[in-house]
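Note sheet for the following structure.
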Number of protein chains: 2
Amino acid sequence: MPYTAEHKQQSRLRILESAVRCFLQQGYERTGISEIMQDAGLTHGAFYAHFSSKGELYIEAMTHAAKNGRFTAHLKNGKKGSAWFQGVLEGYLNLDHVEGDESPCPLAFLVTDIATRESDVKQTYTRLYKGMNRYISRQAMDDSKRTKDDIYAVTAMMIGGVAVSRAINDPKLAKRLLHSCKQTAEKILTSD
Amino acid sequence: MPYTAEHKQQSRLRILESAVRCFLQQGYERTGISEIMQDAGLTHGAFYAHFSSKGELYIEAMTHAAKNGRFTAHLKNGKKGSAWFQGVLEGYLNLDHVEGDESPCPLAFLVTDIATRESDVKQTYTRLYKGMNRYISRQAMDDSKRTKDDIYAVTAMMIGGVAVSRAINDPKLAKRLLHSCKQTAEKILTSD
DNA sequence: GTCTATAGAAAGATAGAC
DNA sequence: GTCTATCTTTCTATAGAC
């Protein structure tokens with residue numbers, strides 16, 4: 001008695017999580033449907049009972065990755081003010097994040113990939129990016145010294161810092177530049 | 001009398017420039033050798049008289065794009081000190097750059113693409129990235145108030161700013177965030 | 001050096017049995 | 001819902017004529 005609604009939901013979730021892993025690690029084009037399905041413990045024929053196309057899966061996977069990703073996870077760190085920023089930045093601008101083992105941020109891992117894609121994919125990225133800014137803004141704007149410019153600059157630096165770290169071949173430099181971004185972002189968000 | 005050494009050089013250069021256009025606009029995987037060759041006015045069979053593989057072309061194209069790209073072009077703007085920074089930042093963090101019509105920077109347009117590739121490709125990216133930092137460092141380090149952290153933060157923000165702008169679907173937001181990055185980078189590089 | 005033609009592999013998507 | 005089998009397209013790379 002498989003094939004219940006619940007069974008289907010479970011399969012769908014497994015596919016989604018495999019897709020997140022593959023897409024974020026290898027990018028959209030290099031990831032095949034067969035690979036995702038195999039990783040989810042199914043065969044590729046079953047795919048189309050859950051999603052209408054690879055493109056649709058990409059959108060869903062991106063959303064799922066953001067919801068369960070590193071950025072979101074560090075948002076509720078129980079702290080306030082500058083300690084809160086420190087927690088978020090520390091969790092994001094981090095070599096473990098760059099290595100990608102544990103729920104990386106799709107905004108940083110897929111930037112370039114997204115730019116060349118159809119508008120519904122870019123739409124999703126835009127929404128998630130706005131969300132990221134909103135979360136930081138919410139905390140920062142209590143402080144009248146912080147401007148919207150500060151927020152945009154910080155998120156660009158976070159995404160850029162992680163993306164560049166991932167692209168380079170020099171772990172020492174990667175660590176160094178992440179640290180520099182963290183320090184500078186902290187200064188921007190907490191200076192007088 | 002084609003087929004002279006000079007003729008070959010010219011063909012090679014045309015292929016290289018087509019490759020830069022295609023790779024930067026569409027990414028590595030979405031670009032076919034046929035497409036590049038057609039854009040260069042040749043057929044795809046001729047490709048292997050110039051390059052041994054698509055991967056080799058990618059490396060050469062990336063190097064060529066950096067040498068003739070927007071960042072390098074704005075390095076020699078004839079100015080000094082804070083005016084020099086302003087010129088470089090203005091030329092880079094710019095909507096025209098994001099649209100990609102005129103020799104965009106491979107560091108910003110290919111970040112995510114590079115991360116998933118073989119080590120020789122990442123090696124090349126690393127070298128170019130270090131070059132970018134060196135150029136800015138050379139000007140900034142005259143000023144004892146500037147640290148290496150400042151440089152790394154600024155380059156990450158430049159690359160991140162352009163990459164994110166390109167990924168989002170909202171031109172107004174793109175322009176806004178580029179402006180924010182420019183303002184903030186300027187502040188980092190010229191504040192007391 | 002460049003062309004046409006093709007080999008060989010991979011990928012997205014569909015068909016039909018269970 | 002999931003499986004196996006297959007259609008179809010696309011792509012890298014090679015072969016051989018000029």
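Just so it is clear: chains get the letters A, B, ... in the order the sequence lines come, proteins before strands, and each one is counted from 1. Keep in mind that the numbers below use all heavy atoms, side chains included, and drop hydrogens, waters and symmetry copies.
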Rounded to the nearest Å, what distance is computed from the CZ atom of residue B:Phe51 to the P atom of nucleotide D:dT14?
-> 16 Å
Determine: side-chain N/O of A:Thr43 to OP1/OP2 of D:dC3, distance under 4.0 Å, yes or no.
-> yes
Is it true that A:His97 and A:Tyr92 have ring centroids separated by less than 6.0 Å?
-> yes
How long is the line joining CG of B:Leu57 and C1' of D:dT12, in whole Å?
-> 13 Å
Using a heavy-atom cut-off of under 4.0 Å over every strand shown, decide if A:Gly45 touches base, sugar-phosphate, or nothing.
-> base
Rounded off to whole Å, could you give me the OH-to-P distance for the B:Tyr48 and C:dA7 pair?
-> 17 Å
Base, sugar-phosphate, or nothing for B:Ser52, non-hydrogen atoms under 4.0 angstrom?
-> nothing
Nucleotide D:dT12, atom P - distance to CZ of A:Arg30 in whole Å | 12 Å
Just how far, in rounded Å, is C1' of C:dA13 from CD1 of A:Ile36?
-> 14 Å
Atom pair distance, as rounded to whole Å: CD1 in B:Ile33 and P in C:dT6 = 20 Å
With distance as the sole criterion, is a donor-acceptor pair present between the side chains of B:Asp113 and B:Tyr58 under 3.5 Å?
-> yes
Does A:His50 put a side-chain nitrogen or oxygen below 4.0 Å from OP1 or OP2 of D:dT2?
-> yes
With respect to the phosphate group of D:dC3, does any side-chain polar atom (N or O) of A:His44 fall under 4.0 Å of OP1 or OP2?
-> no
Here the distance between atom P of C:dG1 and atom CD of B:Gln9, to the nearest Å, is 10 Å
State whether the side chain of A:Thr155 and the backbone N or O of A:Tyr152 hold a donor-acceptor pair below 3.5 Å, judged by distance alone.
-> yes
So, is B:Ser34 near the phosphate of D:dT10, with a side-chain N or O under 4.0 Å from OP1 or OP2?
-> no
Does the side chain of B:Phe109 come within less than 4.5 Å of B:Phe23's, by heavy atoms?
-> no
Is the NZ or CZ atom of A:Lys54 positioned over A:Tyr28's six-membered ring, under 6.0 angstrom from the centre and within 45° of the axis?
-> yes
Whole-Å gap separating C1' (D:dT10) and NZ (A:Lys54) | 13 Å
